[in-house]
**Student:** 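Submitted below is the structure of interest, expressed as structure tokens.
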2 protein chains.
Amino acid sequence: MKSEHIPKATIARLATYIQVLSEFKREGTDVVSSERLAEACSVNSSQIRKDLAYFGEFGVRGVGYYVQDLITSIKRSLGIDRAWNCGLVGVGNLGRALLRHREFSRKGFILRGAFDCDPYKIGEIVEGMEIVCSRQLPAKVKELSLEIGIITTPPERAQRAANYLVGAGIKGIINFAPSRISVPSHIHLEYVDFFHHFYAAAFHIRFAEHQE
Amino acid sequence: MKSEHIPKATIARLATYIQVLSEFKREGTDVVSSERLAEACSVNSSQIRKDLAYFGEFGVRGVGYYVQDLITSIKRSLGIDRAWNCGLVGVGNLGRALLRHREFSRKGFILRGAFDCDPYKIGEIVEGMEIVCSRQLPAKVKELSLEIGIITTPPERAQRAANYLVGAGIKGIINFAPSRISVPSHIHLEYVDFFHHFYAAAFHIRFAEHQE
DNA sequence: CTGTGAATGTGAATTTTGTAACAAAACCCC
DNA sequence: GGGGTTTTGTTACAAAATTCACATTCACAG
Ligand SMILES: NC(=O)c1ccc[n+]([C@@H]2O[C@H](COP(=O)([O-])OP(=O)(O)OC[C@H]3O[C@@H](n4cnc5c(N)ncnc54)[C@H](O)[C@@H]3O)[C@@H](O)[C@H]2O)c1
Ligand SMILES: NC(=O)c1ccc[n+]([C@@H]2O[C@H](COP(=O)([O-])OP(=O)(O)OC[C@H]3O[C@@H](n4cnc5c(N)ncnc54)[C@H](O)[C@@H]3O)[C@@H](O)[C@H]2O)c1
């Protein structure tokens with residue numbers, strides 16, 4: 001099929017598919033049907049086939065999908081069949097947890113630069129990486145070919161951090177701070193806010209209680 | 001209006017509205033129109049009115065919404081006008097970052113219990129809280145009236161952690177580990193996976209490059 | 001080499017979500 | 001205190017996403 005606009009929800013689901021397929025692979029399963037994958041992901045099986053159809057034909061009719069092949073295909077479709085260099089701005093509690101998280105490099109997102117404005121933190125080594133002054137962002141973005149910026153500063157500093165990143169020529173920003181920021185339209189911006197998961201939990205739990 | 005089923009997307013947007021409204025409040029703005037709020041949240045203004053209509057009537061025609069009142073109303077609608085006691089299982093890098101995060105208690109999610117199975121960690125104090133053996137979960141869930149469980153163990157341990165939590169009588173689970181788990185249908189389960197934001201960024205950046 | 005069974009890929013039907021349009025309501029000014 | 005203005009709440013409409021249904025394709029057996 002190969003279409004233009006891919007729904008946000010499809011991208012999120014593809015991430016789940018990769019996760020579950022990797023588990024299948026670890027278990028030694030070589031081939032999987034959309035039906036079985038669907039069950040493991042708690043989605044509809046035609047949903048899976050439709051999601052995949054945006055990018056091409058990856059299955060074999062009458063057989064199913066070859067697990068390893070499908071993982072590779074999805075990764076290529078998403079553009080994560082290569083490494084992405086990332087820079088992290090704001091090395092506090094969350095920033096440190098992210099820098100120490102092995103999964104990033106395993107998934108192809110290499111944290112190559114760590115930036116902070118606190119003179120006490122600059123020069124410190126975290127996970128083999130030296131914390132650098134945020135003023136050096138423009139130089140470092142070029143030097144390290146950083147493409148994605150991760151903002152883990154306090155919310156009131158997020159806009160400034162974004163400005164630095166944009167000025168330095170970054171291509172996309174993932175903002176973990178709970179504040180809205182503005183960037184030029186050619187910069188891809190993602191907000192990470194997991195409080196809405198807590199809100200959803202609270203809402204549904206209370207609603208369920210209210211039912212009985 | 002007061003309807004039954006609320007879209008997931010609505011819950012996520014309500015979280016954004018609260019965030020932006022809080023900023024307005026800090027700036028001293030008392031009244032805001034759906035138009036102005038919409039702009040700040042990058043959504044359509046009828047979207048906002050529709051989202052709110054699921055829960056009731058909170059505005060004043062010809063005037064707009066009183067900022068503080070609206071915050072209160074949304075919070076009540078979501079069920080976060082009271083405190084929720086949470087227990088965290090797996091005090092590693094991420095678990096620690098969460099335990100140290102002030103925003104949780106500010107938003108009404110009180111982290112009251114921290115559990116781990118590593119004997120070297122049990123007894124340690126993090127943010128004034130003692131790390132307790134996960135075997136004590138059932139006792140502690142009752143003692144502390146825990147309602148929401150947070151899983152921050154390695155992925156292969158997530159199911160076991162979930163089993164403990166469910167057995168202990170928890171009502172909802174937020175799973176930060178990248179693995180699917182199964183729980184009885186009366187338990188509300190949310191997955192937190194911020195890699196899909198990275199995937200989306202990678203995908204869109206590469207797509208934009210491919211365009212030119 | 002043809003028939004059978006299985007599971008994909010896809011167009012059509014359905015459901016859900018989002019947007020536009022407007023009548024009803026509240027405020028304000030004269 | 002009535003008319004004009006503004007902005008909500010809601011209905012009607014459009015778009016998008018999901019699910020259904022099935023023709024199509026492939027593997028394999030006989
Ligand atoms: N800690 C968590 O678990 C958690 C969870 C969700 C969201 N967040 C959000 O992530 C952000 C960081 O949280 P945290 O707990 O790590 O906070 P923190 O205070 O521990 O860390 C913030 C860091 O940013 C640095 N900083 C401030 N201004 C900067 C600037 N202009 N340029 C570069 N660095 C700057 C500070 O020096 C500090 O090291 C916050 O916005 C928080 O709301 C945190
Ligand atoms: N670190 C991050 O930034 C980050 C980001 C996203 C997701 N995650 C996910 O969050 C989880 C935790 O990550 P982390 O970096 O903190 O790992 P970690 O290894 O630092 O911490 C895991 C902790 O869980 C404990 N644990 C293991 N089995 C347990 C059990 N059965 N009961 C109770 N405790 C148990 C371990 O003793 C350890 O303290 C992982 O699944 C990871 O993929 C981490």
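Order of the sequence lines fixes the chain letters, A, B, ..., with proteins taken first and strands second; residue numbering starts at 1 for each chain.
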**Student:** Nearest of C/dA7, D/dT18, D/dG9 to any side-chain atom of B/Tyr65?
**Tutor:** D/dG9
**Student:** Hey, are the side chains of B/Arg36 and B/Thr29 touching, using non-hydrogen atoms and a 4.5 Å cut-off?
**Tutor:** yes
**Student:** Quick one: does B/Lys50 reach the base of C/dT17 with a side-chain donor-acceptor pair under 3.5 Å?
**Tutor:** no
**Student:** Ring-plane angle category for A/Phe195 and B/His101, please: parallel below 30°, perpendicular beyond 60°, tilted otherwise.
**Tutor:** tilted
**Student:** Provide, to the nearest angstrom, the distance between the CZ atom belonging to A/Arg61 and the P atom belonging to C/dA7.
**Tutor:** 14 Å
**Student:** Specify the residue among A/Thr10 and B/Val32 whose closest nucleotide of DNA chain D lies further upstream toward the 5′ end.
**Tutor:** B/Val32
**Student:** I need the NE2-C1' distance between A/His5 and C/dG18, as an integer number of Å.
**Tutor:** 13 Å
**Student:** May I have the distance from A/Tyr54 (atom OH) to C/dT8 (atom P), rounded to whole angstrom?
**Tutor:** 18 Å
**Student:** Taking atom types as they are modelled, would you say the side chain of B/Ser46 forms a donor-acceptor pair with the base of C/dA20 within the 3.5 Å cutoff?
**Tutor:** yes
**Student:** Looking for any heavy atom pair under 4.0 Å, which part of the strands does B/Arg13 touch: base, sugar-phosphate only, or nothing?
**Tutor:** sugar-phosphate
**Student:** Taking the side chain as C-beta and beyond, is there a heavy-atom pair between A/Phe198 and B/Lys107 under 4.5 Å?
**Tutor:** no
**Student:** Between A/Asp51 (CG) and D/dA17 (P), how many Å, whole number?
**Tutor:** 11 Å
**Student:** Taking the side chain as every heavy atom from C-beta outward, state whether A/Ile173 and A/Val166 have any pair of such atoms under 4.5 Å apart.
**Tutor:** yes
**Student:** Let me know, please, whether A/Gly62 or A/Ala9 comes out on the 5' side of the other along DNA chain D by nearest nucleotide.
**Tutor:** A/Ala9
**Student:** Measuring from the side chain of A/Glu57 (C-beta onward, heavy atoms only), which nucleotide among C/dC27, D/dA27, C/dT10 has the closest atom?
**Tutor:** C/dT10
**Student:** Mind calculating the distance between CG (A/Asn44) and P (C/dT8) to the nearest angstrom?
**Tutor:** 12 Å
**Student:** Should B/Ser34 be listed as having a side-chain N or O under 4.0 Å from OP1 or OP2 of D/dT8?
**Tutor:** yes
**Student:** How many Å lie between OH on B/Tyr66 and P on D/dT7, as a whole number?
**Tutor:** 12 Å
**Student:** Expressed as a whole number of angstroms, how long is the span from B/Arg49:CZ to D/dT7:C1'?
**Tutor:** 7 Å
**Student:** Does CZ in B/Arg13 sit with more than 12 non-hydrogen atoms of other residues, nucleotides or ligands closer than 6.0 Å?
**Tutor:** yes
**Student:** Counting any heavy atom closer than 4.0 Å, what does B/Ser45 reach on the DNA or RNA strands: base, sugar-phosphate only, or nothing?
**Tutor:** nothing
**Student:** Nearest to the side chain of A/Gln47 - D/dT8, D/dA21, D/dT19?
**Tutor:** D/dT19
**Student:** Which whole-number value in Å describes the distance from A/Ile6 CD1 to D/dA17 C1'?
**Tutor:** 13 Å
